[in-house]
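Presented below is the structure to which this report refers.
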Number of protein chains: 2
Amino acid sequence: MSNRDRILDLSLRLLNEEGAQAAGTTRIAQTLGISPGNLYYHFKNREEIVRGLFAALEAEFRAMMIEDVAPPISPARFAGFYLRSFEVAWKYRFFFGGLHHLLRKDEKLALAYRDLQAWALDELEAIVRQLVKDGSMAKPKTRNGFHSLGLNTWLIWMNWIRFVQISGKDEVTRDDMIEGVGQMFDLLVPYLDADFEKAARRVLARELRG
Amino acid sequence: MSNRDRILDLSLRLLNEEGAQAAGTTRIAQTLGISPGNLYYHFKNREEIVRGLFAALEAEFRAMMIEDVAPPISPARFAGFYLRSFEVAWKYRFFFGGLHHLLRKDEKLALAYRDLQAWALDELEAIVRQLVKDGSMAKPKTRNGFHSLGLNTWLIWMNWIRFVQISGKDEVTRDDMIEGVGQMFDLLVPYLDADFEKAARRVLARELRG
DNA sequence: GTCTATAAGCAGATAGAC
DNA sequence: GTCTATCTGCTTATAGAC
């Protein structure tokens, strides 16, 4: 494993454990047992490390979204899709707590983030549209129903991890992530076909036990 | 105006403009034209300033919540209540972007925040229950319907300001806040009485123009 | 209550040897 | 590709005069 990868690996761990602002280049290098100079050979500055981690998040997130949008959307795929989205979020959780600060200090990262967000919002809306097309869901009532539902989905997704961390539980578990899925799920429940809903819930319940 | 109040005032402005981590005690003192020593006479440390600002946020937020929960809830009061909640959030917006970091570094603040959050979740759930009691809304379908709706309301509220700031608009306006209200509102729409909904929307539309 | 002066520490980053 | 050594600039916070 190259030092470059070791730096990314450890950075992700430290940032996740201690927060996006906690670990500096000095400590990262120290903990790895390499010199600051070595670290700065691989990364021009601290921001480049964070951008590297964001690139990994983005790749996993995009792959997951694309893989699962193909119609028709079965209850199991639907539940699995939401579930995996939370697993990706959890893997890179430092990002969600420190987002505002990170984007403020790094214009390049801000642009990359906004790109991803715009794309994700479109995709989330597309999923809702597809569910309606599949007959698994009634058309939302509000004027901008599709858009609004997609956006609320995104807002819950973005905030769930932060909410759990902020709420001060000693240990965050996989079940907390599944609860998050349920929270997102509840946004659509009023519109979902009863059978579709039941089937999706069963998948989630199985995950909770497993 | 006492120097203590001037410190709180300026801190709020700087933190809002530049982010919760940007302005340090040195710059606050400098900008006010007072000495660091003077600042540290009034506040034991930087965290005490932030806690002072949080106390102000909490006071305004609690006052607003208590004032508006009394039954029955009219559409105008309902819309006005959501609207004012966003105005309070906007006034102390630095808090929402930097929350994770702030709470991590200050255990006292974390406890105060969690108290407020627990209380707010109860109140938000109570509002939903009251709407159902008033006949303005159908009973939510999901098993923990009341709780889930209250929680989603909170998650949208907590995240809207951050979402707007992160999304990179050059200037954030009052209309953006009203859009946030609409986003929160849409959570309840599937269950709301049609007349109640229309009336509440009219109030919001009027605010948008005004 | 307000000031000057400054300690102590840590951050990000670089130069240049090997 | 990795090292040692170090610079610069910032921060929080304090001691003690007025």
Side-chain angles (χ1 to χ4, degrees), chain A residues 1-54 94-95 97-110, chain B residues 1-54 94-95 97-110:
Chain A
M1 195 179 195
S2 72
N3 268 356
R4 189 177 192 279
D5 289 340
R6 291 177 64 222
I7 291 167
L8 283 175
D9 247 48
L10 178 70
S11 298
L12 179 58
R13 218 193 73 211
L14 287 181
L15 294 177
N16 275 342
E17 282 172 6
E18 305 174 18
Q21 271 88 63
T25 50
T26 315
R27 262 226 355 267
I28 294 170
Q30 225 165 42
T31 311
L32 277 176
I34 65 172
S35 66
N38 188 345
L39 184 146
Y40 277 91
Y41 169 77
H42 291 291
F43 297 92
K44 209 182 101 236
N45 51 38
R46 189 185 189 274
E47 278 135 43
E48 207 172 281
I49 300 179
V50 174
R51 279 201 300 272
L53 292 173
F54 178 74
F94 81 91
F95 202 74
L99 196 51
H100 189 56
H101 188 67
L102 291 173
L103 299 193
R104 231 176 219 286
K105 289 210 314 180
D106 184 352
E107 189 57 31
K108 275 191 208 171
L109 181 64
Chain B
M1 199 177 193
S2 73
N3 267 356
R4 188 176 192 281
D5 289 340
R6 291 177 65 220
I7 291 167
L8 283 175
D9 247 48
L10 178 71
S11 297
L12 179 58
R13 218 194 72 210
L14 287 182
L15 294 177
N16 275 342
E17 281 171 9
E18 306 174 19
Q21 271 89 62
T25 50
T26 315
R27 262 223 358 266
I28 293 170
Q30 225 164 41
T31 311
L32 277 176
I34 65 172
S35 65
N38 188 344
L39 185 147
Y40 276 92
Y41 168 77
H42 291 291
F43 296 93
K44 208 181 102 236
N45 51 39
R46 189 184 190 273
E47 279 136 43
E48 206 172 282
I49 300 178
V50 174
R51 280 201 300 272
L53 292 173
F54 177 75
F94 81 92
F95 202 73
L99 196 52
H100 190 56
H101 188 68
L102 291 173
L103 299 192
R104 231 176 218 288
K105 290 210 315 180
D106 183 352
E107 189 56 32
K108 276 189 206 171
L109 181 65

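Lettering follows sequence order; numbering is per chain, from 1.
The distance from atom CG of A:L99 to atom CZ of A:R104, rounded to the nearest 0.5 Å, is 12.0 Å. Between atom OG of residue B:S11 and atom CG of residue B:L32 there is a gap of 7.5 Å, rounded to the nearest 0.5 Å.
Between the side chains of A:R6 and A:N3, at least one donor-acceptor pair of N or O atoms lies under 3.5 Å.
Going from atom CD1 of B:I7 over to atom C1' of C:dG1 covers 11 Å, rounded to whole Å. Per the geometry, CD1 belonging to B:I28 stands 18 Å off C1' belonging to C:dT2, to the nearest Å. Rounded to an integer number of Å, the gap from CG of B:L39 to P of C:dA5 is 18 Å. As rounded to whole Å, 17 Å separates atom C1' of C:dG1 from atom CE of B:M1. To the nearest angstrom, P of C:dG12 lies 11 Å from CD of A:Q21. One atom, NE2 of A:H42, and another, C1' of D:dC3, lie 12 Å apart when rounded to the nearest Å. Here D:dT2 presents its P atom at 4 Å from CG of A:N3, a figure rounded to the nearest Å.
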**Prompt:** With the sugar-phosphate defined as primed atoms, P, OP1 and OP2, and the base as all remaining atoms, what B/S/- string results for nucleotides 4-17 of chain D, 5' to 3', for protein heavy atoms under 4.0 Å?
**Reply:** B-------BBB---

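The side-chain heavy atoms of A:F95 and A:L53, taken from C-beta on, include no pair separated by under 4.5 Å. The shortest distance between side-chain heavy atoms of B:Q21 and B:K105 does not fall below 4.5 Å. Taking the side chain as every heavy atom from C-beta outward, A:F43 and A:R4 approach each other to under 4.5 Å. Using a 4.5 Å heavy-atom cutoff, the side chains of A:E48 and A:N45 are in contact. Looking at B:R51 and B:K108, their side chains come closer than 4.5 Å, going by heavy atoms from C-beta outward.
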**Request:** List the steps and the verdict of side-chain contact (heavy atoms from CB on, under 4.5 Å) for B:I28 and B:L39.
**Result:** CA-CA 8 Å; B:I28 293 170; B:L39 185 147; 3.8 Å; yes

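Of the residues in residues 10-18 of chain A, not one comes within less than 4.0 Å of DNA chain D through any heavy atom.
For C:dT2, neither phosphate oxygen OP1 nor OP2 lies less than 4.0 angstrom from any side-chain nitrogen or oxygen of B:Y41.
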